[in-house]
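Here the structure is a predicted model, which is why all the values come from computation and not from measurement.
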Amino acid sequence: MTQETEKYLRIYLSDHLALLTGEIELAKRSQGSNKGNSFGSFLTMYLQTLEEEKRLIKQLAVSKRAGSSVKQVALWGAEKMGRLKLNGKLSSYSELSRVLEVEGLIMAAKARQQFWESVGESGAWTAMDAKSRSAKTEAQIAELKNHHKEAARAAFKS
């Protein structure tokens, strides 16, 4: 890799590490509001995977001398600000909250899937491992979509 492509990879790793930090915070918040239901149970396993992937990406970032705690803190703060969204309730969780949280998790998971495909192509990660991670994320997206359908039915049923 040239110096410029190494620089781009460091920035890319830093950005995705920050995005994953936000995804973890959103999943934790949503898990806390969904204890005792199927979505909360799913999030317990989901969070384990996210924490594992964060460790892997951190290891790669360290090996490439990448990482920006500023970006991670900014996304952490953005997730906290997201709690101020309008959800039809002044201070409590609503069915709309779950719909919006699942949508946020789907978007973050899609970005993570693209991340694994990109690092596999870059040679920064073994192609087979990256493909495996991408496939695992694709399965998570499918499960998130199922939870989204359930959340939308609960929020918008007549």
Derivation and outcome, salt bridge (Lys or Arg N to Asp or Glu O under 4.0 Å), residues Glu138 and Lys110: CA-CA 8 Å; Glu138 186 174 347; Lys110 285 182 177 184; over 6 Å; no

Check against salt bridge (Lys or Arg N to Asp or Glu O under 4.0 Å), Glu95 and Arg98: CA-CA 5 Å; Glu95 296 296 335; Arg98 185 175 301 112; 2.7 Å; yes

Can you tell me how far the NZ atom of Lys28 sits from the CG atom of Leu50, to the nearest 0.5 Å? 10.0 Å

Can you tell if the side chain of Glu143 reaches within under 4.5 Å of the side chain of Phe42, non-hydrogen atoms only? yes

Candidate pair Thr2 and Thr5, rule side-chain hydrogen bond (donor to acceptor under 3.5 Å, both in side chains), full reasoning: CA-CA 5 Å; Thr2 67; Thr5 56; 3.1 Å; yes

Would you say the side-chain atoms of Ser122 pair up with the backbone N or O of Val119, donor to acceptor, closer than 3.5 Å? yes

How long is the span from the CG atom in Leu105 to the CZ atom in Arg112, to the nearest 0.5 Å? 9.0 Å

Any side-chain donor near an acceptor of the partner, Glu51 and Tyr46, under 3.5 Å: no

Is there a donor-acceptor contact under 3.5 Å linking the side chains of Thr137 and Gln113? no

Would you say Leu56 ends up clustered with Met128 if hydrophobic residues are merged whenever their side chains have heavy atoms under 4.5 Å apart, either directly or through other cluster members? no

Report the C-alpha distance between Ile57 and Trp125 in whole Å, list the side-chain angles of each, state the deciding distance to 0.1 Å, and finish with yes or no for side chain to side chain contact (heavy atoms under 4.5 Å, CB included). CA-CA 10 Å; Ile57 296 170; Trp125 201 268; over 6 Å; no

Once rounded to the nearest 0.5 Å, what's the spacing between atom CD of Glu23 and atom NZ of Lys54? 11.0 Å

So Phe115 and Tyr12, would you call those rings parallel, tilted or perpendicular, with 30° and 60° as cut-offs? parallel

So how far is it from Glu103 CD to Leu26 CG, rounded to the nearest 0.5 Å? 11.0 Å

Under 4.0 Å between a side-chain nitrogen and a carboxylate oxygen: does that hold for Lys136 and Glu53? no

Counting C-beta onward and ignoring hydrogens, is there a side-chain heavy-atom pair between Ser118 and His16 closer than 4.5 Å? no

Could you work out, with side-chain contact (heavy atoms from CB on, under 4.5 Å) as the rule, every residue matching Gln31, not counting sequence neighbours? Leu43, Thr44, Leu47

After noting the C-alpha distance and the side-chain angles of Lys145 and Ile141, does the key distance pass the side chain to side chain contact (heavy atoms under 4.5 Å, CB included) rule? CA-CA 6 Å; Lys145 286 181 176 182; Ile141 292 167; 3.9 Å; yes

Hphob cluster co-occupancy, Met107 + Leu17, side-chain heavy atoms under 4.5 angstrom: no

Side chain to side chain contact (heavy atoms under 4.5 Å, CB included), that's the test. Do Glu101 and Asn34 meet it? Break it down for me. CA-CA 11 Å; Glu101 289 171 353; Asn34 288 280; 4.2 Å; yes

To the nearest 0.5 Å, atom CZ of Arg29 lies from atom OG of Ser97 at 8.0 Å

Between the CG atom in Leu144 and the NE2 atom in His148, the distance rounded to the nearest 0.5 Å is 10.0 Å

For the student: nearest non-hydrogen atoms of Ser134 and Trp116, plus distance: N-CB, 4.0 Å

Work out which heavy atom in Gly120 is nearest to a heavy atom in Ala130; give both atom names and the distance. CA-CB, 3.5 Å

